[in-house]
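Letters A, B, ... mirror the listed sequences (proteins, then strands); counts begin at 1.
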There are 2 protein chains.
Amino acid sequence: MSLKHALLGFLRRGPQTGYTLKNEYFDKSVAYFWPADQTQIYKTLDKLVDDGLLTSAIQIQSGKPNRKIYSITKNGQTELENWLKEPAEPAPYRDSLLVQLFFSENIEDSQVIEVLQASHAKHEELLAELTSIKLPAIAKCSNKRQLSARLTLEMGLKKEQAYIDWLKEAIAAIKSFERKAKRQS
Amino acid sequence: MSLKHALLGFLRRGPQTGYTLKNEYFDKSVAYFWPADQTQIYKTLDKLVDDGLLTSAIQIQSGKPNRKIYSITKNGQTELENWLKEPAEPAPYRDSLLVQLFFSENIEDSQVIEVLQASHAKHEELLAELTSIKLPAIAKCSNKRQLSARLTLEMGLKKEQAYIDWLKEAIAAIKSFERKAKRQS
DNA sequence: GAGAGCATGTAAGAGGTTACATGATTCC
DNA sequence: GGAATCATGTAACCTCTTACATGCTCTC
């Protein structure tokens, strides 16, 4: 379970609340390769406390809701370190767009292309978002934290670029097949 | 839910049993972009019957267990067609290897590299599997079913290749960072 | 005699999503 | 006056995985 370990990973850097973990940490960095929603983060934090990997303390605030601050325990740190060294299976890949394309034989070409183009637009947006993230280039990273952040971002860029390239190719292939079919009819 | 629609998609081509759907159809084609295990396929087929999108009939066999043959209904066909035309959100991406890399700052380089190399080996295997699938090239496809199968396979190849390229880059970057750090100490 | 293939199923649980609730403060 | 921010939580649900069970036949 990676959510668990991502939480341990962030808390290894210092105590923090669920709210901040979600809005500042997850959504602004790992969300690209491990999105997590609020409910699940809170639930998992509770579980980690139950398991003795975290402790929590309440910080009273006036005017604002109280905060619940989580800290990693010794056990939490060993658990994290062990997990980080474990070779894992490749991530299962699930992409409904490919399912749609795979079974599209009875759908009109124009409609298939519309679906692909909608996806193209969304992936361009994603790519733009990732491109706007400013991190030092690989060769300019001055510590390991920076380097690994850069490398994961690099994967994001590569993946989106490959996806977009493929979408263009697919759209072109369908159009060209359509033209070929028309000539023959 | 794509599993549901993948099942409808296959059954749209003709009646079939859960067993065959799993072993011949899923595992040999869509598994790459929509893996599904046996239990879930059976459960989903049941649900589709409940919802009136499929019907089932039992075929008695001697010597072998009886088979339950599912057929798509009119409602099932419309449901499938509508779904195929619906633009969808980009697939959420979850990759625990990136989580591991992202939080690896306190792990020794050699161990991080081991994890990456293990992943590299697995992805080479995956790529080899996909490469062994024989399908006509894009320009040689003679019908839409072939073309869409080819295009989804093309995505698989592209994705695995990009992943492998990235892994090599990441490994090289970590090694080079390590050398730089040593020179400075 | 062991194991693979055929074929369907139950039960339990992990992981993730959706919808909703609370209540003060700050900003337009 | 309405929306956004801060901050935590409950309940119900969907999807997917793991472990296990049955029982006959065919092949090595």
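- Within the 4.0 Å cut-off from OP1 or OP2 of C:dC6, not a single side-chain nitrogen or oxygen of B:Q61 is found.
- Partners of A:D46 by side-chain hydrogen bond (donor to acceptor under 3.5 Å, both in side chains), not counting sequence neighbours: none found.
- When each of C:dA7, D:dA7, D:dT17 is scored by its nearest atom to the side-chain atoms of B:Q40, the top-ranked nucleotide is D:dT17.
- Here D:dC6 presents its C1' atom at 13 Å from CD of A:Q59, a figure rounded to the nearest Å.
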Check residues 104-111 of chain B and write down every donor-acceptor pair under 3.5 Å in which the side-chain atom is one partner and the other belongs to a residue at least two apart or another chain.
unit_1 : atom_1 : unit_2 : atom_2 : d
B:S104 : OG     : B:L101 : O      : 2.7
B:E105 : OE1    : A:R145 : NE     : 3.2
B:E105 : OE2    : A:R13  : NE     : 3.4
B:E105 : OE2    : A:R145 : NE     : 2.8
B:E105 : OE2    : A:R145 : NH2    : 3.1
B:D109 : OD1    : A:K144 : NZ     : 3.2

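- At whole-Å resolution of the value, CZ in A:R67 and P in C:dT22 are 24 Å apart.
- DNA chain C lies under 4.0 Å from no heavy atom of any residue of residues 81-103 of chain A.
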(request) Can you check each nucleotide of nucleotides 19-28 of chain D against protein heavy atoms at under 4.0 Å and return B for base, S for sugar-phosphate only, - for none, in 5' to 3' order? (result) B---B-S---
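- Atom CG of A:L157 and atom CH2 of B:W166 lie 12.0 Å apart (nearest 0.5 Å).
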Show me the donor-acceptor pairs, under 3.5 Å and distance only, between side chains in residues 115-131 of chain B and residues at least two apart or in other chains.
unit_1 : atom_1 : unit_2 : atom_2 : d
B:H120 : NE2    : B:E124 : OE2    : 2.9
B:K122 : NZ     : A:E89  : OE2    : 3.0
B:H123 : ND1    : B:E160 : OE1    : 2.6
B:T131 : OG1    : B:L127 : O      : 2.6

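- Without hydrogens or angle criteria, A:R150 side chain to A:L135 main chain gives a donor-acceptor distance under 3.5 Å.
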(request) Please assess A:H5 against B:Q100 for the test side-chain hydrogen bond (donor to acceptor under 3.5 Å, both in side chains), listing each intermediate value before the final yes or no. (result) CA-CA 8 Å; A:H5 294 101; B:Q100 287 180 295; over 6 Å; no
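- Using a 4.0 Å heavy-atom criterion, one finds that B:K43 contacts the bases of the nucleic acid, with or without backbone contacts as well.
- Between A:Y25 atom OH and D:dA7 atom C1' there is a gap of 16 Å when expressed in whole angstrom units.
- A straight line from CG of B:N23 to C1' of C:dT8 spans 12 Å, rounded to a whole angstrom.
- Within a heavy-atom distance below 4.0 Å of DNA chain C, the residues of residues 12-21 of chain B found are B:T17, B:G18, B:Y19.
- An end-to-end axis angle of 40° holds for the helix from C:dG1-D:dC28 to C:dC28-D:dG1, taken from five base pairs per end and rounded to 10°.
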Kindly list each side-chain donor-acceptor pair under 3.5 angstrom involving residues 32-39 of chain A, sequence neighbours excluded, with atom names and distances?
unit_1 : atom_1 : unit_2 : atom_2 : d
A:D37  : OD1    : A:T39  : N      : 3.4
A:D37  : OD1    : A:Q40  : N      : 3.0

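- The nucleotide whose nearest atom lies closest to any side-chain atom of A:Y42 is, among D:dC16, C:dT8, D:dA7, D:dA7.
- When rounded to the nearest whole Å, the span between CG of B:D46 and P of D:dC16 equals 16 Å.
- Using cut-offs of 30° and 60° on the angle between ring planes, the pair A:F10 and B:F103 is perpendicular.
- Applying the 4.5 Å side-chain rule to ILVMFWY residues, one finds that A:I69 remains a lone member of its cluster.
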Show me the donor-acceptor pairs, under 3.5 Å and distance only, between side chains in residues 167-182 of chain B and residues at least two apart or in other chains.
unit_1 : atom_1 : unit_2 : atom_2 : d
B:E169 : OE1    : A:K158 : NZ     : 2.5
B:K180 : NZ     : A:A139 : O      : 3.2

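- Whole-Å rounding puts the A:W34 CH2 to C:dG16 C1' distance at 10 Å.
- In terms of modelled atom types and a separation under 3.5 Å, the side chain of B:T73 and the main chain of B:G76 share a donor-acceptor contact.
- In this structure, A:K159 NZ and A:I164 CD1 are separated by 10.0 Å, a value rounded to the nearest 0.5 Å.
- Across the protein-nucleic acid pair, A:L45 atom CG and C:dG15 atom C1' stand 15 Å apart, rounded to whole Å.
- Atom C1' of nucleotide C:dT17 and atom CD1 of A:I41 are separated by 13 Å, given to the nearest angstrom.
- Sorted by first and then second residue, the pairs that involve residues 20-29 of chain A and meet salt bridge (Lys or Arg N to Asp or Glu O under 4.0 Å), not counting sequence neighbours, are A:K22-A:D27, A:E24-A:K28.
- At the heavy-atom level, B:N66 lies under 4.0 Å from the strands shown only through sugar-phosphate atoms.
- Look at A:K47 and you won't find any side-chain N or O under 4.0 angstrom from OP1 or OP2 of C:dG15.
- B:Y42 belongs to a hydrophobic cluster whose remaining members, ordered by chain and number, are B:Y19; membership requires side-chain heavy atoms of ILVMFWY residues under 4.5 Å apart, directly or through intermediates.
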